[in-house]
Amino acid sequence: MPALPNLNIVPFISVENMMDLVLNVGVENFLTELSAYIEADFRRWEAFDKVPRIASHSQEGVIELMPTSDGTLYGFKYVNGHPKNTRTGRQTVTAFGVLSDVDSGYPLLISEMTILTALRTAATSAVAAKYLAPEGADCMAIIGNGAQSEFQAIAFKALVGIKKLRLYDIDPHATERCAKNLSGMGFEIIRCQSSQEAVEGAHVITTATADKQNATILTDNMVGPGVHINAVGGDCPGKTELHKDILLRSDIFVEYPPQTRVEGEIQQMPADYPVTELWQVISGLTTGRTGNTQVTLFDSVGFATEDFSALRYIRDKLAGTGLYENLDLLADPDEPRDLFGMLLRREVSRKATMRNSIPNG
Ligand code: NAD
């Protein structure tokens, strides 16, 4: 791994630097490279410390901490989900994260993760679809055309071969913006007036709506045989997108069952309802899609290893780019145990600076 300078200085990747990094690499290329990191970490699933994310719920949303470690590196993400935020000009989801060295416990980098979360969510969905979507899938419905939507479209183009998009959002401005942002990127884009219209002829259905309730974005009659559903928006207790009858007809694939059973679409099902863990499909321990008429469902909620993979990727990409600021985050006394002495020396130097700044006479 390329070394970054000075261990006591922590590289910080701001939103602006993250945007430049993504643009320098190219969005599609970034998503492809990132999905390789995510896939590689799913393949070594058993190496990770895993725990359902720690959620603090309120009336309007949730704030979550998502930690994991592979024994060499430790990472966590702070993320919120507040569907009403967009009404006051704020994001539904914002995030930042830290990657640390397990041996010393020292942070190796701290990064914005709002953009990175959209990228890693899309990359994870596309990795799942690589194993689960029907062969030759080239048409995807996206229901919910908010912040995540363009990233989903581009990741599915890069990894699955999606060329046609059928867009629907209850807010037509969101659909218009999504279509405009994606124009000139090689998609055929159809703006739809309902979820029902959006799913017509789609091989993949992505739901990425935000509403803090058990919504029914898709009903059973809307899902034809052979379709792959990429359900992204149901990711909290009491927040789902699919009618239960769809779950009864689908083979369901999840990230980490103890978290998904509480937060995902399968919160509607009994606690022992059979699901397949995505890592087992990726590792070749079990099969994903087994036939042309099978309905597959990736019940995505977002898991800590995906953020870990994203931070690991960013760290590898960062060296030599200069696209970070050096954060004075870690106290570094001359003698490690003399933390208080460092404070005293600071006081002496501050007094000297003040004396020197008083004009003579
Ligand atoms: P956003 O608020 O930017 O966009 C959500 C869109 O859904 C809005 O445009 C809204 O008008 C639309 N919508 C709401 N109800 C709808 C309905 N009934 N039919 C059609 N459209 C509807 O949010 P976002 O950042 O794009 O996130 C979307 C969802 O994905 C959120 O619920 C978020 O929590 C979730 N999410 C999941 C993961 C994951 O890993 N699974 C990661 C990030 C975000």
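A quick note: this is a predicted structure, and the numbers were derived from the prediction, not measured. Ligands are counted one by one from 1 in listed order, and the atoms in each one are counted from 1 as well.
Geometrically, ligand 1 and S149 share no nitrogen or oxygen pair separated by less than 3.5 Å. Where the criterion is an N or O separation shorter than 3.5 Å, residue side chain and backbone included, Y168 fails it with respect to ligand 1.
Residues passing the ring pair (Phe, Tyr, Trp, His ring centres under 6.0 Å) test with Y273, sequence neighbours excluded: none.
Contact detail for Q268 and L242: the closest heavy-atom pair is NE2-O, 3.0 Å.
For I170, heavy-atom contacts with ligand 1 shorter than 4.0 Å involve the backbone as well as the side chain. Only the side chain of T121 comes within contact range of ligand 1, with a heavy atom under 4.0 Å; no backbone atom does. Within the 4.0 Å heavy-atom criterion, the part of I217 lying near ligand 1 is the side chain and not the backbone. Contacts between H82 and ligand 1 below 4.0 angstrom, taking non-hydrogen atoms only, are absent altogether. Contact annotation: for D169 versus ligand 1, heavy atoms closer than 4.0 Å belong to both the backbone and the side chain. Proximity of D235 to ligand 1, defined as any heavy-atom pair under 4.0 Å, is confined to the side chain (atoms from C-beta onward).
Between D220 and K244 there is no salt bridge, since no side-chain nitrogen of the basic residue lies less than 4.0 Å from a carboxylate oxygen of the acidic one. Electrostatic pairing of E263 and R53 counts as a salt bridge here, judged by a charged N lying under 4.0 Å from a carboxylate O.
Atoms of ligand 1 lying under 4.0 Å from any heavy atom of K239, numbered from 1 in the order shown and given with element: 31 (C), 32 (O), 33 (C), 34 (O). Each of the atoms 40 (O) of ligand 1 lies under 4.0 Å from some heavy atom of R120. In summary, the atoms of ligand 1 found under 4.0 Å from a heavy atom of A174, numbered by their order in the structure, are 9 (O). Proximity to G233 (heavy-atom distance under 4.0 Å) selects the following atoms of ligand 1: 29 (C), 30 (O), 32 (O), 35 (C). Residue-ligand proximity, G302 to ligand 1, at heavy-atom distances under 4.0 Å covers atoms 39 (C), 40 (O), 41 (N). Remark: ligand 1 atoms within the under-4.0 Å shell around heavy atoms of V301 are 39 (C), 40 (O), 41 (N).
Listed for the R43 side chain is no donor-acceptor partner under 3.5 Å among the backbone atoms of W279.
Remark: E200 CD is packed, more than 12 non-hydrogen atoms of other residues, nucleotides or ligands lying under 6.0 Å away.
Here the straight-line distance linking atom CH2 of W45 with atom OG1 of T305 works out to 4.5 Å at 0.5 Å rounding.
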